[in-house]
Amino acid sequence: MRTYSGHSSAAASNELYRSNLAKGQTGLSVAFDLPTQTGYDPDAPEARGEVGKVGVPIVHIGHMQQLMDSIPLDKMNTSMTINATAPWLLSLYIVQAENSGVDRRLLTGTTQNDILKEYLSRGAFIFPPAPSLRLTVDLITYSVKHVPRWNPMNICGYHLQEAGATPSQEVAYALANAIDVLDAVNRSGQVNDDDFPRVVGRMSFFVNSGIRFVEETCKLKAFAANWDRICSERYHVTDPKLRRFRYGVQVNSLGLTEAQPENNIARIILEMLGVTLSRSTRARAVQLPAWNEALGLPRKWDQQWSLRMQQVMALETDLLEYPDIFEGSKVIESAAADIAEESWTEMEEIIALGGAFSAVDEMKMRLVASQRRRVSRIESGELPVVGVNCHRETEPSPLDSRDGTANVLKVDPAMEKELREEVERWRSRRNAREVTRAIDRLRYACQSGENIMEASVDLARVGGTTGEWAGTLRDVFGDYRAPTGVGSAKVNGSREELRTAAGKVRALSASSGSPPRILVAKPGLDGHSNGSEQIALAARDAGFEVIYQGIRTTPEQIASAARDEDVDLVGISILSGGHMELIPEILDLLAALGVNAPVVAGGIIPPDDAAILMRQGVHAIYTPKDFKLGDIISDMADLVKEYRSTRT
């Protein structure tokens, strides 16, 4: 039983963890902030506005010591949702164990270590696919030898569903990913044939469970059947225990709504059924989101509510007392077989393209198209969402705050400045010569092909920082820009929900001789691009000329692109909580460059923040409750019409 948590600082997160453990939580699930995930120290320009917002900042071993203070690492199962910098965070954890007198061989837990899903959905990647796959392999092979109770990879279907994957696609892409990684482990020569079945046995999965919990139950049965088939037929693993489909789950966050957020409690509980009802494919670990995550960061009480849901189900119901209640069900068996067959076919298509890491562009395009179909179904009402596109009438909620602010946790902006100063002090007090030596050793490991883990542990031990570790690897491997899936998606100019918007855009094009131009921008380190991609697709399908450069563009790049492309409107998407720092900076830079085009913003922006941004010059703000893309694009066309009238 877990809650996915971490915020502000290592000390504040440690207090939260110990509080949750005292309430009955049985493991830790650590959320890291975006600079930690993408390899930046808090004083890096790229980290501005992002420090401590969506997770805990971990820069050096001192922070890992604070994070795990008074938590016995030899008894704790710790899950770390970390990917591009997974080797570094595991290194810090190992050194913390050493400093606590705990043998690394006793450590239990998981590093997600799944970079493919970052390319496809979440955006927290750093390096190109080939070196990233190598880092994944290095961590796996090192862990199997030196941290044998650790799950070195948690293959993540969760974010694939968040990006639009159907149940069959989630199974297919996750298993294709696993095959690519295991084949790479085999090719690396770092594990002998006798030990390879143990590598297969340490692979674990992280899945999503949506509101269609019967279908999700069938998906899990298909997942287990196909994984057993892969282990047996492809890798010749004979021990049934090593072929077991081991997975943890977070129930679906994509389906949580800003409108009538109290309905999210029912959604979370029903989604938990999909991974608990069937004993033969029951999740090994469950973590639940909080009811208000569509509004912002949850507070302690919100997380406690999610924990209590798990405890009531486990301790008060009779669910765990029975064998598999679906055994012999023809309906379940038939639906599971259909998903297994469909997913196997799509998995083989990906393998035929050269494997998952070679097929990133194709999978991204398919996911964007799937998400577009899902969004269109919600907008048309074909896919009901209670409180959003149906049954919208509601009484005032006692869960709403009385002062109009959102009932969410807000990170103190002063914390970022304090952490920058703390990191400067840390660098000044350590042995600079030892750090330089360790960085040189790490660089050599990267260049020579040596497993990077021991060099990473060495750097952690002497006080190196997240930015120094990632910066060294950037120097060798370079940075990577992942595909957006927007440019390759087919234009669909007949979308019914865009009819009004498309008419307005045609009129604008006819009156000026050119289509209106919109810049869709993703500033900061936030890589959750589903919303911006769907806005870009909808605007393009309505007739806009769309400039979309993908994730992680700087305020300077956004302002320059708006000027150079002579756009009629700038749309900014931020979901990480950095909107109060980044949007005002963009407004100032646009003004300095003489760009007067209207600016709109979208994301998880609380009402009190939205009011401030509107006063500062943002023309419109859209949040998850604004689900009708046609209305949003129509609004944008009206803003462009007004803007163009002032220019002529």
For the residue pair Phe357 and Tyr119, does the interplanar ring angle fall in the parallel (under 30°), tilted (30 to 60°) or perpendicular (over 60°) class? perpendicular

Basic-acidic side-chain contact under 4.0 Å: Glu468, Arg430: yes

Examine distances only and state if a side-chain atom of Glu316 and a backbone atom of Met313 form a donor-acceptor pair shorter than 3.5 Å. no

Side chains of Ile332 and Val214, heavy atoms from C-beta outward: is any pair under 4.5 Å? yes

Would you say Met203 and Val181 make side-chain contact, with heavy atoms under 4.5 Å? yes

Pair Asp239 + Arg244: basic N to acidic O under 4.0 Å: no

Exercise: do Asn151 and Thr110 side chains pair donor with acceptor under 3.5 Å: yes

Could you tell me which residues satisfy ring-ring contact (aromatic ring centres under 6.0 Å, His included) with Phe223, sequence neighbours excluded, listed by chain and number? Phe205, Phe245

Is the shortest heavy-atom distance from the side chain of Ile325 to the side chain of Ser278 under 4.5 Å? no

Report yes or no: does Asn226 contribute a side-chain atom to a donor-acceptor pair with the main-chain N or O of Ala340 at less than 3.5 Å? yes

Can you find a side-chain donor-acceptor pair between Asn20 and Gln303 that sits under 3.5 Å? yes

Ignoring hydrogens and geometry beyond distance, is a side-chain donor-acceptor pair present between Ser19 and Lys300 at under 3.5 Å? no

Could you check whether Asp475 and Thr472, counting side-chain N and O atoms only, form a donor-acceptor pair closer than 3.5 Å? no

Residue of the set Tyr93, Tyr17, Trp150 for which side-chain hydrogen bond (donor to acceptor under 3.5 Å, both in side chains) holds with Thr78: Tyr93

Are any of the side-chain nitrogens in Arg437 or Glu434 under 4.0 Å away from the carboxylate oxygens of its partner? yes

Would you check if Val59 and Thr36 make a side-chain contact, meaning some heavy-atom pair closer than 4.5 Å? no

Does the side chain of Glu216 pick up a donor-acceptor pair with the side chain of Ser209 at under 3.5 Å? no

I'd like to know if Arg187 pairs up with Asp183 as an ion pair, taking the criterion as any Lys NZ or Arg NE/NH1/NH2 lying under 4.0 Å from an Asp or Glu carboxylate oxygen. no

Is it true that Phe206 and Tyr247 have ring centroids separated by less than 6.0 Å? no

Student check: side-chain heavy atoms of Met153 and Thr111 closer than 4.5 Å: no

Of all residues at least two apart in sequence or in a different chain, which pass the side-chain hydrogen bond (donor to acceptor under 3.5 Å, both in side chains) check with Ser100? Gln96

Do Thr141 and Asn451 meet the criterion of a side-chain donor-acceptor pair at a distance under 3.5 Å? yes

Lys/Arg-Asp/Glu bridge criterion (N-O < 4.0 Å) met for Asp324, Arg282: no

Provide the full list of ring pair (Phe, Tyr, Trp, His ring centres under 6.0 Å) pairs with a residue in residues 165-185, sequence neighbours left out, each pair given once. none

We want to know whether Trp344 and Glu348 form a side-chain donor-acceptor pair, criterion being a heavy-atom distance below 3.5 angstrom. yes

Are Glu422 and His60 linked by a side-chain donor-acceptor pair shorter than 3.5 Å? yes

Is any side-chain heavy atom of Gln447 closer than 4.5 Å to one of Val476? yes

If you measure from the Lys or Arg side-chain nitrogens to the Asp or Glu carboxylate oxygens, is any gap between Asp195 and Lys145 under 4.0 Å? no

Just to verify, what does Pro323 make a side-chain contact (heavy atoms from CB on, under 4.5 Å) with, not counting sequence neighbours? none

Quick check: does any side chain N or O of Ser306 sit under 3.5 Å from a backbone N or O of Pro289, one acting as donor and the other as acceptor? yes

Find out whether Tyr322 and Arg279 are in side-chain contact, i.e. whether some heavy atom of one side chain is under 4.5 Å from a heavy atom of the other. no

Output all residues satisfying side-chain contact (heavy atoms from CB on, under 4.5 Å) with Thr108, sequence neighbours left out; order by chain, then residue number. Asn77, Arg149

With distance as the sole criterion, is a donor-acceptor pair present between the side chains of Asp138 and Gln190 under 3.5 Å? yes

For the pair Gln161 (side chain) and Tyr158 (backbone), establish whether a donor and an acceptor sit closer than 3.5 Å, ignoring hydrogens and angles. no

Has Lys219 got a side-chain atom pairing as donor or acceptor with Asn208's backbone, closer than 3.5 angstrom? yes

Residue pair Leu16 / Arg299, side-chain heavy-atom distance below 4.5 Å: no

Looking only at the side chains, is there a donor atom on one of Asn252 and Arg267 sitting less than 3.5 Å from an acceptor on the other? no

Option from His159, Glu162, Gln287 for which side-chain hydrogen bond (donor to acceptor under 3.5 Å, both in side chains) with Gln250 holds: Gln287

Where at least one partner belongs to residues 111-123, residue pairs that pass salt bridge (Lys or Arg N to Asp or Glu O under 4.0 Å), sequence neighbours excluded: Glu118-Arg122

NZ or CZ of Arg474 within 45° of Tyr40 ring axis and under 6.0 Å: yes

